[in-house]
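Basis for what follows: all heavy atoms, side chains included, without hydrogens, waters or symmetry-related copies.
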Amino acid sequence: MLDDAQLREYHDAGFLVVPDVLTPRDLAGLRDEVERLYRADHPGRVLEKDGTTIRGVHGCHQVSEVFSRLVRLPALLMPAEQLLASKVYVHQSKVNAKRALAGDVWPWHQDYIFWEREDGMPAPLVTNVALLLDDATPYNGPLLFLPGSHHMGTLPTERRGAAGGEESWKSNLAADLDYALTAGQLASMVARFGMRAATGSAGSMVLFDPRLVHGSGTNMSPYDRQLLIITYNSVDNVPDEPSRRPEFLSASDTTPLAPLVGGLWS
Ligand code: SIN
Ligand code: MN
């Protein structure tokens, strides 16, 4: 569970980095599992613009036994329940690969606008629990946050691509992201809030608010920057209608998660 100082930091800054959450064994096993998912034939697998480099895999908990246990690991599940003051389920799970010398940008954005507009999620009663699968350094495209920007609520942002087409969800995952902030919005937000990089060692956990403005640059380093993100939604905040997006972006199984008993590999 998070202590009072950690809860205050999450609420004030909109994010919190907790080091050493994964054991070395769990970290190594998860990295192996992620490499397996990168190679597997799965619709939630997305490539970079070069058409060959893996950008990410989505819906991991739906296709991997290991991930279906990971999302129930008390070290991740308990803080999510504590922050949302309710039972939770997984709305999304993904790994962004951000490969060495090839990983592309995530433009500045807020997450909740996607879940509200695309999936019909009623309120921002939802949180991101991310795990660093590699060391995140200033050089390999770490997550960048505008601390405190979640207090602004959802910023007025227009969808860039046309909504509703068969494959329109693809622009929710690409380097030219829908609902990205404009340069003008960003300049005034940065003047007000500043910027922080979520650097840390592999195995750390990063919790962040769904309205926090964030993004990340290209990976200019010879080291990968893999980031695993589990989005837990409150069971009191289930969308009324099924999403028009694929299952791997908006899970329909809203059963409250029970904490895992035993380890990830049992
Ligand atoms: C995200 O916004 O979901 C991920 C950004 C990143 O992987 O850097
Ligand atoms: Mn995001």
Side-chain angles (χ1 to χ4, degrees), residues 22 27-68 70 90 92-109 111 114 118 128 130-144 159-181 197-203 206 214-231 243-251:
L22 289 176
L27 176 62
L30 275 174
R31 290 167 54 115
D32 288 346
E33 178 65 358
V34 164
E35 287 296 333
R36 191 184 70 76
L37 291 179
Y38 290 160
R39 291 190 301 268
D41 183 20
H42 166 238
R45 189 173 170 273
V46 177
L47 300 179
E48 298 285 9
K49 283 197 292 257
D50 63 13
T52 53
T53 307
I54 186 80
R55 178 168 172 82
V57 282
H58 299 255
C60 304
H61 70 294
Q62 295 159 338
V63 294
S64 156
E65 270 297 312
V66 174
F67 269 79
S68 74
L70 177 72
V90 176
Q92 280 187 353
S93 65
K94 64 188 176 199
V95 178
N96 291 331
K98 187 85 65 153
R99 286 298 207 195
L101 294 167
D104 208 347
V105 302
W106 284 89
W108 292 102
H109 66 280
D111 285 339
F114 290 86
E118 306 292 320
N128 287 307
L131 292 168
L132 305 186
L133 297 185
D134 296 299
D135 293 345
T137 70
Y139 314 108
N140 65 355
L143 261 180
L144 303 175
R159 199 180 203 284
R160 288 183 173 192
E166 263 293 281
E167 304 259 273
S168 71
W169 57 266
K170 286 198 170 154
S171 48
N172 302 164
L173 314 177
D176 56 353
L177 197 64
D178 277 332
Y179 304 120
L181 299 192
T199 51
S201 53
V206 182
H214 62 283
S216 61
T218 55
N219 186 350
M220 297 287 287
S221 84
Y223 307 109
D224 292 342
R225 190 240 57 181
Q226 299 171 99
L227 183 71
L228 186 164
I229 305 181
I230 303 164
T231 299
S243 170
R244 60 178 172 224
R245 299 202 297 174
E247 181 70 23
F248 59 79
L249 288 182
S250 183

Test side-chain contact (heavy atoms from CB on, under 4.5 Å) applied to F67 and V90, I230, V34, the passing residue: V34
Compare every heavy atom of Y38 with every heavy atom of Q226, then report the nearest pair and how far apart it is. OE1-OH, 2.8 Å
Can you confirm whether the side chains of S250 and E118 place a donor and an acceptor under 3.5 Å from each other? no
So which heavy atom on A251 is nearest to which on Q62, and how close? CB-NE2, 3.5 Å
Side-chain touch L37/S64, heavy atoms, less than 4.5 angstrom: yes
Nearest heavy-atom contact between I54 and E48 is O-CG, 4.2 Å
Could you go through L227 and L131, starting from their C-alpha distance and side-chain angles, then the distance that decides it, and tell me whether this counts as side chain to side chain contact (heavy atoms under 4.5 Å, CB included)? CA-CA 6 Å; L227 183 71; L131 292 168; over 6 Å; no
Pair R31-D134, side chain to side chain contact (heavy atoms under 4.5 Å, CB included): steps then yes or no: CA-CA 9 Å; R31 290 167 54 115; D134 296 299; 2.7 Å; yes
To the nearest 0.5 Å, tell me how far L30 CG sits from L70 CG. 5.5 Å
Return the CZ to CG distance between R55 and D50, rounded to the nearest 0.5 Å. 11.0 Å
Between A198 and P142, what is the shortest heavy-atom contact and its length? O-CB, 4.3 Å
Quick one, R99 with D224, criterion side chain to side chain contact (heavy atoms under 4.5 Å, CB included). Give me CA distance, side-chain angles, the key distance, then yes/no. CA-CA 4 Å; R99 286 298 207 195; D224 292 342; 2.7 Å; yes
Between D111 and N128, is there a side-chain donor-acceptor contact under 3.5 Å, judged purely by atom types and distance? yes
Heavy-atom closest pair (A202 atom, D135 atom, distance to 0.1 Å) is N-OD1, 2.8 Å
Kindly say whether Y223 contributes a backbone atom to a donor-acceptor pair with the side chain of N219 at under 3.5 angstrom? yes
Within the distance-only criterion (no hydrogens, no angle test), does the side chain of K98 pair as donor or acceptor with the backbone N or O of D104 below 3.5 angstrom? yes
Say you draw a straight line from CH2 of W106 to CG of L143; how long is it, rounded to the nearest 0.5 Å? 10.5 Å
What do you reckon, is CD of E35 surrounded by more than 12 foreign heavy atoms closer than 6.0 Å? yes
Students often mix this up, so state it plainly: with edges at 30° and 60°, are the rings of F248 and H58 parallel, tilted or perpendicular? tilted
For L249 and S243: C-alpha separation, side-chain torsions, deciding distance, then whether side chain to side chain contact (heavy atoms under 4.5 Å, CB included) applies. CA-CA 9 Å; L249 288 182; S243 170; over 6 Å; no
Using 0.5 Å steps for rounding, measure from the NE2 atom of H214 to the CG atom of L181. 10.0 Å
Ignoring hydrogens, what is the shortest heavy-atom contact between V95 and L133? Give both atom names and the distance. CG1-CD1, 4.3 Å
What distance separates N96 CG from S216 OG, expressed to the nearest 0.5 Å? 7.5 Å
